Amino acid sequence: MKTNTNIKQIIYLFFIGLIVSSCGEELISTEYEEYLPKKLANNDGSVLYPDITSYPIIGEIISEVPTTDIEGERKFLIADVQAPEGSTYIESRFNIDRSTGVITYNNNGELSPGTYYVDVDLGYVLGVVTYEQALKIDILSVPISLEVDNTNPSVGIFEQGIVATVSYTDTSGSGLITEVEYSLVDAPQGFSIDSNTGEISKSFPVSSGENPISVKATTNLGAVIFDDLTVVMVGDEPTIAYTQMDEATPLTSVTLSPWTAYTTAIPSLVGMTAASYEIILPETLTTDGIVANEDGSISILADQNIPVGTYALGVKATNASGIEVEFENIFEIQVENRWEVSKLFEENFDDGTTGPLDPVNPTYPEYSGYTLGTTSSWQKVVVTHATNPTIEGLRVFNPGTDNHYLVRSIDITIVKALKISFEEQFGYNNNFVVTYQRALYAGESTADLESGTFNSANWTAVMPIGDPRWPGSVTWPTRSPNIVNDIEVDLSSINGNDLKIAWFLGNATEAQNGQYIIDGVSAEYAMAFPAEEN
C-alpha cells in the first residue's frame with residue numbers, strides 16, 4: 001500500500017511541474033483561482049479507530065486517538081455521519097479534533113440507540129483522503145422501564161394533589177442503573193412531578209378532558225422518554241348561567257336608565273361551590289354601583305348615573321380553597337335615556353307683560369337678572385319696529401361693558417336628566433357677537449351673584465365661552481331667532497332639587513349699541529324607568 005502511494009505522489013508532482021512549465025508567464029497574468037485540494041482515492045492508506053460501545057450517557061462520548069500510516073502534517077475532518085433510520089441525534093454535536101482525530105459526541109439526552117458510522121477526511125500534503133465508516137459507534141438502550149400505579153386517573157377540575165406515582169425497574173439485571181431523576185415532557189398546564197419520588201401532582205388551573213402525561217427518566221446511563229405513561233381525565237370546567245326573573249329564560253341583556261335599580265335572579269353555578277363573588281366590569285365603565293352579591297346575583301344600585309352605553313358584565317367566583325374562576329361577558333346592560341313626551345316647561349314670553357327682572361320679581365318669578373356692580377339691567381320687554389315682527393323676551397339693552405347674568409330656577413325633584421333649548425336675539429350688527437362673550441352655567445345657588453360677584457367654583461359650564469354651539473350671526477334684520485337645541489345639563493354635582501341655569505353676557509372690551517334677548521326657553525327631562533330583561 002505504501003508503494004502505491006509513493007508512485008501516485010511522483011505522478012502527482014510530475015503533472016504539477018508540467019502544468020507550471022507549460023503556462024509560463026501566462027499564469028502570472030490570469031486571475032487568481034481558489035486552490036482546492038485534490039481528492040485522493042477513498043481509503044488510500046489507513047486510519048483506524050477502535051469501535052465504541054456506549055450507553056447514551058449525558059455528556060461526551062469520546063473515541064480513542066486513531067492510528068494512521070500517513071506521516072507528516074495532517075488535518076482530520078468529519079466527512080459524514082450515517083445514523084439509524086429515525087434517529088434523534090443532532091449532527092452538529094459530532095466534533096473532531098483536527099490534530100489528533102479524536103471524535104466526540106456531546107449528548108444532551110437526545111441520542112437514540114442504534115449503530116452510527118462516522119466518515120473521516122484526512123488532509124495532508126498530497127490532498128484529501130476519505131475514510132468511510134472509519135468509526136463505528138454502537139449506542140445501547142438504557143436498561144430501564146417505567147411503571148405508573150394509575151394509568152388513567154380521573155379527578156375533578158379543582159382537586160389538587162398527587163394523582164399517580166412513577167417508579168422504575170433496572171432491566172440490566174446487574175444494577176447498572178444507580179441514579180434516576182424524573183421530569184415531565186411537554187406537560188399539560190397544572191401538572192408537575194417530584195424529580196426524586198416520581199409523584200405526579202395536579203394543581204389549578206388545568207384543562208378539562210384528557211391530559212396525557214409523558215415522563216423523562218434521566219439516569220447515569222442516559223435519558224429515556226416514556227410517552228403517555230398515564231392519561232389524567234379532568235372533570236368539566238364550572239359554568240354559570242343567569243336567567244330572567246322567570247328563572248327559565250336565559251338572560252342576555254338588560255335595558256335600563258342610568259338611575260334604575262335592578263337585581264338579577266340567583267344564577268345556576270355548576271362544577272364548583274363559590275364562597276364569594278366579585279363583579280367584573282369592562283374597562284370603559286368605572287362605577288361602585290354595580291356589585292355581585294353573596295348568592296351570585298348582580299345588583300345595580302339606584303341613582304348611580306351610569307353613563308349611557310352598552311356594557312358587558314362578568315363575575316369572578318372564588319371557592320373555599322381560594323381558587324378563582326372568571327366568567328366573562330355573562331350578559332350586557334344597555335343604559336339609555338328616555339325623554340318624557342311632555343316637557344318640564346316651555347316659555348315663549350308672548351304674554352304682553354313688561355317689567356324689570358330683579359331677583360324676586362312679580363313678572364317672571366322663576367327668572368332673576370343680575371348685573372355685576374350695579375342694579376339688574378334685565379327686563380321683560382315687547383319690541384316692535386316698523387313692519388318687522390314683534391319680539392317678546394328677556395332683554396339687556398345696551399349692555400355696555402358690564403357682566404350680566406340671567407338665572408332660571410328649576411325644580412328637579414322628579415328629574416334625572418335635563419336638556420335645555422332656547423332662542424336668542426341680538427343686534428344691531430355682527431360686531432355685537434365679536435365684542436360680547438356668552439356662556440351657559442348650572443349651579444345650586446345665586447349667593448355669589450347676589451353679593452355682586454361670580455364665583456366659577458360654584459358653577460359648572462354647560463356651554464362655556466367660545467363653545468361652537470353658540471350661534472354667531474346677527475338676528476335683528478329678520479327677527480328670526482338663533483335656536484340652540486337640546487343642551488344636556490350634567491346634574492351629578494347638584495345635591496338638592498333646586499337647579500339654577502345662568503345665561504352670561506359680558507367680558508366686553510367695547511360697548512355696542514345693541515340688545516341681547518332670550519326669546520324662548522324650554523326643558524325636557526328623563527326619569528328612571530324599570531329594567532327590561534331580554
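For clarity, every value in this text was computed on a predicted model and none was experimentally measured.
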*asked:* Treating Thr68 as the side-chain partner and Ser46 as the backbone partner, does any N or O pair qualify as donor plus acceptor under 3.5 Å?
replied: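 Side chain of Thr68 to backbone of Ser46, a donor-acceptor pair under 3.5 Å: yes, one is there.
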Side chains of [X] and [Y]: do they bring a donor and an acceptor to under 3.5 Å?
X: Asn319; Y: Thr273; answer: no
X: Ser145; Y: Glu147; answer: yes
X: Ser87; Y: Tyr116; answer: yes

_Cation over ring face, Arg408 and Phe345, 6.0 Å, 45°_ =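 Pair Arg408/Phe345 counts as cation-pi.
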*asked:* side-chain contact (heavy atoms from CB on, under 4.5 Å) for Ile279 and Val291? Distances and angles first, verdict last.
replied: CA-CA 6 Å; Ile279 194 70; Val291 297; 5.7 Å; no
*Which salt bridge (charged side-chain N to carboxylate O under 4.0 Å, His left out) pairs, counting each pair once, include a residue from residues 291-311, with sequence neighbours left out?*
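Qualifying pairs, neighbours excluded: Asp303-Lys416.
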Would you compute the distance between atom [atom1] of [X] and atom [atom2] of [Y] and round it to the nearest 0.5 angstrom?
X: Ile240; Y: Glu326; atom1: CD1; atom2: CD; answer: 12.5 Å
X: Leu313; Y: Leu285; atom1: CG; atom2: CG; answer: 7.5 Å
X: Ile139; Y: Leu111; atom1: CD1; atom2: CG; answer: 4.5 Å
X: Phe529; Y: Trp259; atom1: CZ; atom2: CH2; answer: 8.5 Å
X: Asn196; Y: Glu181; atom1: CG; atom2: CD; answer: 7.0 Å

*State whether the number of non-hydrogen atoms from other residues, nucleotides or ligands found under 6.0 Å of Glu64 atom CD is greater than 12.*
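12 or below, so no.
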*asked:* Counting neighbours of CD on Glu60 that are heavy atoms of other residues, nucleotides or ligands and sit closer than 6.0 Å, is the number greater than 12?
replied: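 Enclosed: over 12 neighbouring heavy atoms sit under 6.0 Å from CD of Glu60.
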*Worked verdict on Ile213 versus Phe226 for side-chain contact (heavy atoms from CB on, under 4.5 Å)*: CA-CA 9 Å; Ile213 306 295; Phe226 295 82; over 6 Å; no
_Suppose we screen for salt bridge (charged side-chain N to carboxylate O under 4.0 Å, His left out). Which residues come up paired with Asp467, at least two apart in sequence or across chains?_
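Residues passing salt bridge (charged side-chain N to carboxylate O under 4.0 Å, His left out) with Asp467: Arg469.
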_Check: Tyr441 ring centre within less than 6.0 Å of Phe454 ring centre_ =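 Between Phe454 and Tyr441, which both carry aromatic rings, the centre distance is below 6.0 Å.
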